[in-house]
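Just so we're on the same page: letters track the sequence lines, and every chain starts at 1.
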2 protein chains.
Amino acid sequence: MSDCDTCLVRNRAICAALSPDELGALSKLGRKQMVTRGQTLVWEGDEALVVANVIQGVLKLSVSTADGREQIVGVVFPSDFIGRPFGKESPYGVTALTDAEVCIFTRASFDGFAKDHPDLQHKLLQRTLDELDRARQWMMLLGRKTASERIATLLLEISNRLGSSSCSAITPFLDEFELPMDRQQMGDVLGLTIETVSRQLTKLKDADMIELPDRRRVVIKDRRRLENIALAA
Amino acid sequence: MSDCDTCLVRNRAICAALSPDELGALSKLGRKQMVTRGQTLVWEGDEALVVANVIQGVLKLSVSTADGREQIVGVVFPSDFIGRPFGKESPYGVTALTDAEVCIFTRASFDGFAKDHPDLQHKLLQRTLDELDRARQWMMLLGRKTASERIATLLLEISNRLGSSSCSAITPFLDEFELPMDRQQMGDVLGLTIETVSRQLTKLKDADMIELPDRRRVVIKDRRRLENIALAA
DNA sequence: GTGCAACATTGACCTAGGTCAAAAGGCTCA
DNA sequence: TGAGCCTTTTGACCTAGGTCAATGTTGCAC
């Protein structure tokens, strides 16, 4: 790595807390790395040896049971931070949902750097608090929402996160976008089966709330109505 | 407040990051407060004006839908930290499950203090990362586990948390304990109904894995077997 | 182009857990 | 000691979503 100046997420990742000098020092510790769809960066249960910033692409955090059930417990977008600084094995795996580019550090070197940079830790704390709030909203979804409420929530969430993480961060959300995951993975985020996901999508399509031009593409045609469903009102 | 020296959680709460001097300064900003069972400290959606450390008792963090469905998204025990430092309205309510005692600060004063004490922020970050991991484990439970797996997991979790937060922190867990919540609240943590909770408990009792001397008391008779169920293996 | 393999949809049926309703305990207060 | 009120348990029934099994799609290799 070297040219943080041209980094796509320079001003949105935790790096934004750093001065040009500090950034230079941090950049010596890390390097940019491409990850291809399906590639796993960290295995569930392994000692977490690396942390990273997402520059491009989308990755999942996931947990599995011994008998093969899987739950996706987080989806990370550009500018998000990956990993468990300050010790501990990773309780979830990290796998690319799309081709992606990350800015990767060994945990040891990152921890060392962070110890001397309170501003960085402060940004990390804020980010972690936000992530925790999001996780808790998702607990409500998993514990209490119906299948259609879940699907509506997911579509809006992806629309928002892709919107605010898009290069042209003008738009707060997108009305047309590419799903960064397949049906199975949607099910794994929502605690549903692939069949239920498919059925609910067709239902939303039949009700003219969305369009599905192809497997991956989604067009939101009636955001208001979709939001009403998502809110479980 | 004044005598942090005699505080039950002095060495386990985030305060442990502070020197006696610093602790003195912080203690001037906060005060101890009793909370009675059922009392709400923070309302869902309100500007989060306070943060606190739990000294005694157990509290819940909960989210509700417009139509009255509730999900408990967190349970906090002695030495745990409550609240959302650094801005934002609280996305969940905080309510006492048992009579409790907390050490409470206005968010503004706490934020100010934290800004000048990186060690405190560091502890807070670690705690938040742990809490996030716990939330994600719970997402797996809510998304993919069966009713009996959920109940087994909850009983073990409470046994562990009560054990490690008990004054006599000798025991890593307890084989006999008082549930800090009723059946409805167990359902709200687990994403189940009260009836299902009840039925599953009787099933575990009939299978001789637990005893239920009274409504609130639980005796774990066969931890091994309970763990096997909880792990969804 | 065609053939194949992976993904997605649809249909028929099943079941875990929800719902509704009725007992059965347990506390509290007199 | 018993009346009244909760909380919990139990039972009978129902349904959202899971399971299993075809049937369509789509994209890619050759």
B:Arg136: partners by side chain to side chain donor-acceptor pair (under 3.5 Å), with sequence neighbours left out:
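So B:Arg136 forms a side chain to side chain donor-acceptor pair (under 3.5 Å) with A:Tyr92, A:Glu131.
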When the distance from [atom1] of [X] to [atom2] of [N] is rounded to whole Å, what number comes out?
X        : N      : atom1 : atom2 : value
A:Met181 : C:dC7  : CE    : P     : 15 Å
B:Ile194 : D:dG11 : CD1   : P     : 17 Å
A:Arg216 : C:dT9  : CZ    : C1'   : 16 Å
A:Gln185 : C:dA6  : CD    : C1'   : 13 Å
A:Leu190 : D:dG17 : CG    : P     : 12 Å
A:Arg37  : D:dG27 : CZ    : P     : 12 Å
A:Leu142 : C:dG17 : CG    : P     : 15 Å
B:Leu201 : D:dT10 : CG    : P     : 10 Å

Which listed nucleotide (D:dT8, D:dT26, C:dG17) is nearest to the side chain of B:Asp182?
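Selected nucleotide: D:dT8.
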Picking from D:dT26, D:dC6, C:dT9, which would you name as closest to the side chain of B:Arg215?
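Closest of the options to the side chain of B:Arg215: D:dC6.
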Can A:Asp188 and A:Gln184 be counted as having a side-chain donor-acceptor contact under 3.5 angstrom?
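The answer is yes; a qualifying pair exists.
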Considering only heavy atoms, which members of residues 203-214 of chain A lie under 4.0 Å from some atom of DNA chain C?
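By residue number: none to list.
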Give, ordered by number, those residues of residues 57-71 of chain B having at least one heavy-atom distance below 4.0 Å to an atom of DNA chain C; if nothing qualifies, reply none.
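Residues of residues 57-71 of chain B that come under 4.0 Å of DNA chain C do not exist, since none gets that close.
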Would [X] and [Y] pass as an ion pair if we require N to O under 4.0 Å?
X        : Y        : answer
B:Arg215 : B:Asp182 : no
B:Glu176 : B:Arg217 : yes
B:Arg69  : B:Asp67  : yes
B:Glu47  : B:Arg107 : yes

Return the minimal non-hydrogen interatomic distance between A:Ile220 and A:Ser159, and the atom names on each side.
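Scanning both residues completely, I find the closest heavy atoms to be CD1-CB, 4.0 Å.
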If an axis is fit to five pairs at each end of the helix from C:dG1-D:dC30 to C:dA30-D:dT1, what is the angle between the two, to the nearest 10°?
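Rounded value for the end-axis angle: 40°.
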Starting at CD of A:Gln71, measure out to CZ of B:Arg144 and round the result to the nearest 0.5 Å.
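So the CD of A:Gln71 and the CZ of B:Arg144 are separated by 5.5 Å.
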Supply the atom-to-atom distance B:Thr153 OG1 to B:Ile229 CD1, rounded to the nearest 0.5 angstrom.
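The OG1 atom of B:Thr153 sits 9.5 Å away from the CD1 atom of B:Ile229.
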Salt bridge (Lys or Arg N to Asp or Glu O under 4.0 Å) partners for B:Glu70, two or more places apart:
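B:Glu70 satisfies salt bridge (Lys or Arg N to Asp or Glu O under 4.0 Å) with B:Lys60 once adjacent residues are dropped.
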Tell me whether A:Lys32 contacts the main-chain N or O of A:Cys7 through its side chain, where contact means a donor paired with an acceptor under 3.5 Å.
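Not a single qualifying donor-acceptor pair exists.
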So, is the end of the A:Arg223 side chain (NZ or CZ) under 6.0 Å from the ring centre of A:Phe173 and within 45° of the ring's axis?
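Geometry flag: set, cation within 6.0 Å and 45°.
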Is there a side-chain contact between B:Leu201 and B:Leu212 in this structure, where contact means two heavy atoms from C-beta onward sitting under 4.5 Å apart?
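Answer yes - side chains close enough.
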As a test of understanding, state which of A:Glu149, A:Gln185, A:Gln200, A:Arg150 forms a side chain to side chain contact (heavy atoms under 4.5 Å, CB included) with A:Leu190.
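Testing A:Leu190 for a side chain to side chain contact (heavy atoms under 4.5 Å, CB included) against A:Glu149, A:Gln185, A:Gln200, A:Arg150 leaves exactly one candidate, A:Arg150.
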Within the pair B:Thr202 and D:dT10, is there a side-chain N or O less than 4.0 Å away from OP1 or OP2?
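Yes, because at least one side-chain N or O of B:Thr202 sits under 4.0 Å from OP1 or OP2 of D:dT10.
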Which protein N or O atoms sit under 3.5 Å from an N or O of nucleotides 18-22 of chain D?
| from | atom 1 | to | atom 2 | distance (Å) |
| --- | --- | --- | --- | --- |
| D:dG18 | OP2 | A:Thr193 | N | 3.4 |
| D:dG18 | OP2 | A:Thr193 | OG1 | 3.1 |
| D:dG18 | OP2 | A:Thr196 | OG1 | 2.4 |
| D:dT19 | O4 | A:Arg199 | NH2 | 2.8 |
| D:dC20 | N4 | A:Glu195 | OE2 | 3.0 |

